Structure formats: C-alpha cells, structure tokens
Amino acid sequence: SYYEAEGRRIAEIQKGILAVSTQEESYDVFICYKETTEGGSRTPDSVLAQEIHQHLTEKGLRVFFAKISLEGVLGQKYEPYIYGALMSARVMVVVGTKAEYFNAVWVRNEWSRFLQLRRKDRGKVLIPCYKGMDAYELPQELAELQSQDMGRLGFMQDMVRGVEKVLGRDRAKPAEKAPSSTASNE
C-alpha cells in the first residue's frame, strides 16, 4: 500500500509538471549556468550568460535564462518551467568559467538532461562556452562537443550566428526588388 500511495503521489507530481510545461510557450534557446557562488554573490558565469541572453533576445529569439525567465513564478515550483524549457529548446548554451561550475549540481543536472533529450532528438544542439580555462577541463560529456572560448575576439558574433544557423534563422532574406522606373512619355 505504501508503494501504491507513493506511485499515485509521483503520478500527480508528473501531471502537474506536464500541465505547466505544456501551457508555456516554447523556447529557442536554454542558457545553463551557475548563478551564485557558495558565498551567495553572483558568478562571472551569470554575467556572461546574461550578455548572451541579451544578444540572442535582440535577434528575436525566445531564450530561457533562469534569472529573468523565472521572475514571474516566484513562490511557485520552478521544475515544471525548467522541464518545459528543456523539452522545447532546440539549443542549449552552457556557460562556465570554472570546471567546478560546469559540475555544480543544478548546472550538471540541466545539461545532462538536455544531452539525454538530444540522444532522442538529433535536432537539439548543445554548445559549451568557457572562459578563463582550458577546453580540456570541461566535463567529459561536454568535452566531446564543439565548444566556444568566450575569451576569443568575436566570440559573441560567432555564437549568435551559430545559434541562428542551427535554428534556420540565418537564411538570407530575398532581396527586395527595386521598383521599376519607367520613363514617362510626356
């Protein structure tokens, strides 16, 4: 009877998560990063992630960035919103300035779940972005992927262009035809 009761409780939790996640608009990009240090101050990762968020939203993309995306759900459980964003996003950008930040519990939880989703949907792309460290310091699962050095000149433009390309938004718009001018016969 205990296991049956727990099974019903889990089923109710799952229904709640699915209800919230299906009502949310889908995201193009999910930004994964460590928000605060052990002391409670903001990490450099958070600042870099917010810059990425700003550049991507300026391009008209719908971006899940926890600091901003979860503002409207204060006092509610975050997991349904995170789950919905993970499921719908085609691109995940993982931001880190230290190996330990890539391996922080919640950060690792998000990118590893995205990698699991990616195994079923090859259209999903994960982009590890690092700064102030060597690419070989990335967790093994991320080190196997094409990563981006945020300290490299032109990083932001290249990353934004790459995301747009993955999402199919880089196609050149057809050139507008210049209005034809006909000389008047007057």
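Everything quoted here is computed from the prediction, not taken from an experiment.
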- Note on the structure: Taken in chain and number order and not counting sequence neighbours, the residues that satisfy side chain to side chain contact (heavy atoms under 4.5 Å, CB included) with S88 are S26, Y27
- Message: Determine whether V47 and R42 satisfy the following criterion, side chain to side chain contact (heavy atoms under 4.5 Å, CB included), listing intermediate values before the conclusion.
- Response: CA-CA 8 Å; V47 176; R42 196 167 179 198; 4.0 Å; yes
- Note on the structure: Closest non-hydrogen atoms of A49 and F65, given as atom of the first, atom of the second and distance, are CB-CE1, 3.6 Å
- Query: Is the shortest distance from a Lys or Arg side-chain nitrogen in R90 or E164 to a carboxylate oxygen in the other one below 4.0 Å?
  - Reply: no
- Message: So, using side-chain hydrogen bond (donor to acceptor under 3.5 Å, both in side chains) as the criterion, who are the partners of E137 when residues are at least two apart?
- Response: none
- Query: Taking C-beta and beyond as the side chain, do V63 and D28 meet within less than 4.5 Å on heavy atoms?
  - Reply: no
- Heavy-atom neighbours of E58 CD exceed 12 at 6.0 Å: yes
- Message: side chain to side chain contact (heavy atoms under 4.5 Å, CB included) for L145 and V125? Distances and angles first, verdict last.
- Response: CA-CA 9 Å; L145 303 171; V125 175; over 6 Å; no
- Message: With a 4.5 Å cut-off on side-chain heavy atoms, are V95 and I52 touching?
- Response: yes
- Message: Assigning hydrophobic clusters by single linkage (Ile, Leu, Val, Met, Phe, Trp, Tyr; side-chain heavy-atom cutoff under 4.5 Å), is Y83 placed with W106?
- Response: no
- Flag if over 12 foreign heavy atoms under 6.0 Å of CD, E6: yes
- CE of M92 to CG of L115, rounded to nearest 0.5 Å, is 8.0 Å
- Task: Following the transitive rule for hydrophobic clusters with a side-chain heavy-atom cut-off under 4.5 Å over Ile, Leu, Val, Met, Phe, Trp and Tyr, establish whether V29 and I68 coincide in one cluster.
- Result: yes
- Query: Distance only, no hydrogens: is a donor on one side chain within 3.5 Å (strictly under) of an acceptor on the other, for S112 and R108?
  - Reply: no
- Could you tell me whether a side-chain N or O of K124 sits under 3.5 Å from a main-chain N or O of L86, the two making a donor and an acceptor? yes
- Task: Give, for atom OH of Y130 and atom CG of L48, the distance between the pair rounded to the nearest 0.5 Å.
- Result: 13.5 Å
- Query: So do the side chains of L126 and W111 get within less than 4.5 Å of each other, counting heavy atoms only?
  - Reply: yes
- Query: Do the side chains of L138 and Y101 join up, straight or via other hydrophobic residues, at under 4.5 Å, putting them in one cluster?
  - Reply: no
- pair V94-I127: side-chain heavy atoms closer than 4.5 Å: no
- Item | Residue of the set Q140, Q146, E141 for which side-chain contact (heavy atoms from CB on, under 4.5 Å) holds with E144 | Q140
- Query: What are the two closest non-hydrogen atoms of L70 and Y81, and how far apart are they?
  - Reply: CD2-CB, 3.7 Å
- Item | Closest heavy-atom pair and its distance - F30, I82 | CE1-O, 4.0 Å
- Message: Could you walk me through whether L61 and T57 satisfy the side chain to side chain contact (heavy atoms under 4.5 Å, CB included) test, starting with their C-alpha distance in whole Å, then the side-chain angles of each, then the deciding distance to 0.1 Å, before giving a yes or no?
- Response: CA-CA 5 Å; L61 299 176; T57 55; over 6 Å; no
- Item | From I31 atom CD1 to K67 atom NZ, the distance as rounded to the nearest 0.5 Å | 13.0 Å
- Item | Polar contact flag, side-chain donor to acceptor under 3.5 angstrom, E35-Y33 | yes
- Task: Indicate whether any N or O donor in one side chain lies under 3.5 Å from an N or O acceptor in the other, for Q54 and Q50.
- Result: no
- Mind checking the CE-CE spacing from M133 to M150? Nearest 0.5 Å is all I need. 9.0 Å
- With sequence neighbours excluded, residues passing salt bridge (Lys or Arg N to Asp or Glu O under 4.0 Å) with K59: none
- Query: Side-chain heavy atoms under 4.5 angstrom apart, residues restricted to Ile, Leu, Val, Met, Phe, Trp, Tyr: same cluster for L142 and L117?
  - Reply: yes
- Query: How long is the gap from CG on D45 to NZ on K34, to the nearest 0.5 Å?
  - Reply: 9.0 Å
- Item | Interatomic spacing from SG in C32 to CZ in F64 - rounded to 0.5 Å | 10.0 Å
